[in-house]
Structures are given as C-alpha cells and as structure tokens.
Student: 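Here's a structure for you.
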Protein chains: 2
Amino acid sequence: MLETGKNPDRPVRADAKRNLDLLLQAAAKIFATSGVDAPVREIAEKAGVGIGTVYRHFPERSDLVIAVFRHEVDACADAAPVLAASHGPGEALSRWMERYMDFIATKRGLAAALHSGDPAFDGLPAYFQERLRPALQNLLDAAASAGEIRSGIEPQDLLRAVASLSAPDANGDTSQARRMVALFLDGLRYGAVGT
Amino acid sequence: MLETGKNPDRPVRADAKRNLDLLLQAAAKIFATSGVDAPVREIAEKAGVGIGTVYRHFPERSDLVIAVFRHEVDACADAAPVLAASHGPGEALSRWMERYMDFIATKRGLAAALHSGDPAFDGLPAYFQERLRPALQNLLDAAASAGEIRSGIEPQDLLRAVASLSAPDANGDTSQARRMVALFLDGLRYGAVGT
DNA sequence: TTGATAAACGGAACAATGTTCCGTATATAA
DNA sequence: TTATATACGGAACATTGTTCCGTTTATCAA
C-alpha cells in the first residue's frame, strides 16, 4: 500500500504559516486601534486573506483575541533576557518596565473583554502571571544582586502596581503615568544595599 | 382656529406609561439573568410589547441599560430613609448594607459594560456616587450620633470597599462576601464613642 | 356617545457582523 | 509531472441592533 493518505506529521504548508503571521500582525494593529470588538472582516482585509482563512486558523473570534494577547505577552516576556544581556541590571529593569507599560497600554481594550464573563478568556490572567512573573523575577534578582535595588520585591506586586499606575490615562496622555512609574521604581532603588 | 393640533402639554398616554414600566421590569430581570448583552427582542417579548415600542421609549439599546441602572440605583438609595425610619441607626445601617450588596450583585454584568469604552455609559459612575453617597452619609451620621459606630467614616470609601469585598464571588456563593462585609462593619463599631 | 386626531404600537425590513460551507487553487511529495 | 491533502476565498446563513411605516388606540371635545 502506497503511503499517500493523510499524513499527520506532514509539515505545515508555507502559505498557511505566512497567513497565520499576517493575521496576527493585522489583528494586533487593529485591536490596538479600534479595540477588540473590531469586525473580523476588517482584520481579514488588512491581512489580505479571505474570511474563511481567518476561521480556519481561529475557529472563533475569541481564539484570535486570545492568540494576539498571548503573542504580545510572550513578546514582552522575551524582551527581558534580551535587555538583561545588553544592559546593566538597573538599566535593564527600567527599560523593561517601559516595555511593560507599552504592553499594558495596548491591552487597555482587552481589559473589558477579559472581565466580560466570556469563559473563553478565563485562562488569560493566569497566562499573564505565568509568563511575566518569572521574566521580571530574573531582572529583579539581577538588580538586587548588583546592589542597585533593594531585595525582597515581589514581581507580581510590581506588575499589578505598574498596571494600576498606568490606568488613569484619562486624556490619552501617558507622560503622567510614566512619571509615576519612574518615581515608583526610584523607590526600589532607595534602600538598596549599595545606598 | 380650533385648538386641535399637537398639544405639547398633553399628558402621557396610559398605555405608554404602562409599557414603559413593563419594559423596565422585564429588562431588569433579563439583565440580571443573562447579562446586559441580552437581545432586545428577548426583552420586548418578556414585556409583551413589540420591538418598535422598545425603541420608541429607548432610542438605543444603551438607553435601556442606563434606565435600568439608574432605576436600581434609585431604589437602593430610596431604601435608606425607609430603613432609617423603621429601625434603630445601627440596624438600619446593617440592613442597608445588605441591600447595597444585593444591588452590587445585580450590577455584576453591568461592570464590564460600564468600562467598555462606550461613551453612553460615561455618566453612570457619577450618578452612582451622587445618589448613594448622601443616602449612606445620613445613615452613618445617625449611627455615629447614636454612638453605635465611630465617626469620620467617608461614605464613598465604604461604598467602594463593600463593592470590592463583594467581588470575589468565584462560585456564585455570596455567603463569604457577606461574612467579610459583616466583619468590616464590626470594625466600624469598634471604637465607637459608646464602646 | 361619538368622531377626530395625535400618540403609541407592532413587526417587517434593513444593516452589521459572527460563523459555516464548499468549490477552487496550490504546496508538497513521489 | 502528477496526484492529493491542505489551504484558500467568499457566498450564504444566523443573530441582533435599528429604522420605518401602516395600523390601532387613548384622549378630548362636541
């Protein structure tokens, strides 16, 4: 019998992979611009694919939202080791917090969806913690070891605090939020072993 | 010229008033059951009126949501003087907090809508404060004057704290939340002038 | 009581959007 | 080059918000 049937180990087709990436990119941009309630058709058009292709990759609308969210969480988490390799511990921490704030700003529109009661999103907060907590933990440990900040800071507290501080963007102005976070981080430096 | 034209002072027709009440009742029940995203048709059917009638009274879906919300805020606020007249100051305060928790529980589904970015809902938080703060202030003043609780409690702090304490209803069980609030209120009693 | 009239009603029809389905096109492997 | 499983595109369907308009009815004056 000739082996021609459906092969489960067959690699993903190149066009499928490409379209998936195009979709994630397009969705990320449109979610950031128009919020997570943007029409699926709009995303398909921006990605240059048909609607059917969207639903092939993401059976439901919420699957696309989730994929974009996780993708952005991953990108944010992955930035930590990169920054740690290219900067000193204190500088790496500061820069990563900037990066994290950008992520939170993008996530604004998602917040409502996350707490909308749709069970599809139930796993997202856990993923958020799971991915970002260790990333930040490493940065904090390095900075503490170098004597640039005090030790004993809990990463999840920091994540939550900065997310809260970023919130009051009433006019869309982020400068105030950034000043608050900078001030907050200075608080970590005060009391460091080297001070 | 005979006065037969459109009379702006003409009283509201009886059926219009009745249908408006039916709609508010039906919407309140359905919002509590299925959330604020329930279809307009379902509400119209439950109220026993046509869709057109819904839109005559509430030009947009959000207007109906707002009307129900305000209606429930009013009912909760109006309960305060009634309880104050029929119970002692401490008991009136306790009972009103129970009443307030019921209101918050109903409002669960609304929370997402309120922060969804739809500008139609922008005024609701203000209305909430505006209406409930004075109602609670009176109860607090009476209880403090009677020496049953300490003075200097800010009503808005209490409103927010109790709303937060009521939130973690993971399984839909409200007993834990009620215990927490009761404990919280006992804290007010501790340190009262009569203690 | 009756007739005229403005107000209100009901629901068909339209628009926007999530989702399904299937005929067509194509990347891949032999 | 050819066969075929995979992926694609978009028409069609389902649900839901909203509009429109012909019909019904509450109200008032005679």
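Residue numbers start from 1 in every chain, and the chains themselves are labelled A, B, ... in the order their sequence lines are given, proteins ahead of strands.
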Student: Look at the side chain of A:A14 and decide which nucleotide, out of C:dT28, D:dA7, C:dA8, has an atom nearest to it.
Tutor: C:dT28
Student: Going 5' to 3' through nucleotides 17-23 of chain D, assign each nucleotide B (protein heavy atom under 4.0 Å from a base atom), S (under 4.0 Å only from sugar-phosphate atoms) or - (no protein heavy atom that close).
Tutor: BBB----
Student: Indicate yes or no for a side-chain donor-acceptor contact from B:D141 to the backbone of B:N138 under 3.5 Å, with no hydrogens or angles considered.
Tutor: no
Student: Given atom CD of B:E45 and atom C1' of C:dC9, what is their separation to the nearest angstrom?
Tutor: 17 Å
Student: Taking C-beta and beyond as the side chain, do A:F121 and A:F69 meet within less than 4.5 Å on heavy atoms?
Tutor: no
Student: Does the distance from a Lys or Arg side-chain N to an Asp or Glu carboxylate O, for A:R99 and A:D102, drop under 4.0 Å?
Tutor: no
Student: In whole angstrom, give the distance that lies between atom NE2 of A:H57 and atom C1' of D:dT6.
Tutor: 11 Å
Student: What side-chain donor-acceptor pairs closer than 3.5 Å can you find for residues 39-56 of chain A, not counting sequence neighbours?
Tutor:
none

Student: Closer to the 5' end of DNA chain D via nearest nucleotide, is it A:V12 or B:D15?
Tutor: A:V12
Student: Under the rule for side chain to side chain donor-acceptor pair (under 3.5 Å), what residues qualify as partners of A:D78, not counting sequence neighbours?
Tutor: A:R131
Student: Could you tell me, to 10°, how much the axis swings from one end of the helix from C:dT1-D:dA30 to C:dA30-D:dT1 to the other, five pairs per end?
Tutor: 0°
Student: Quick one: which residue pairs count as a ring-ring contact (aromatic ring centres under 6.0 Å, His included) with a foot in residues 78-106 of chain A, not counting sequence neighbours?
Tutor: A:W96-A:Y100
Student: Considering only NZ, NE, NH1 and NH2 on the basic side and carboxylate oxygens on the acidic side, decide whether A:R133 and A:D157 come within less than 4.0 Å.
Tutor: no
Student: On a plain distance test, is the side chain of B:R13 in donor-acceptor contact with the base of C:dA7 below 3.5 Å?
Tutor: yes
Student: Is the shortest side-chain N/O distance from B:N19 to OP1 or OP2 of C:dC9 below 4.0 Å?
Tutor: yes
Student: Taking 4.0 angstrom as the limit, do B:K17 and B:D21 come out as a salt bridge?
Tutor: yes
Student: Is there a residue in residues 20-32 of chain A whose heavy atoms reach under 4.0 Å of DNA chain D, and which residues are they?
Tutor: none
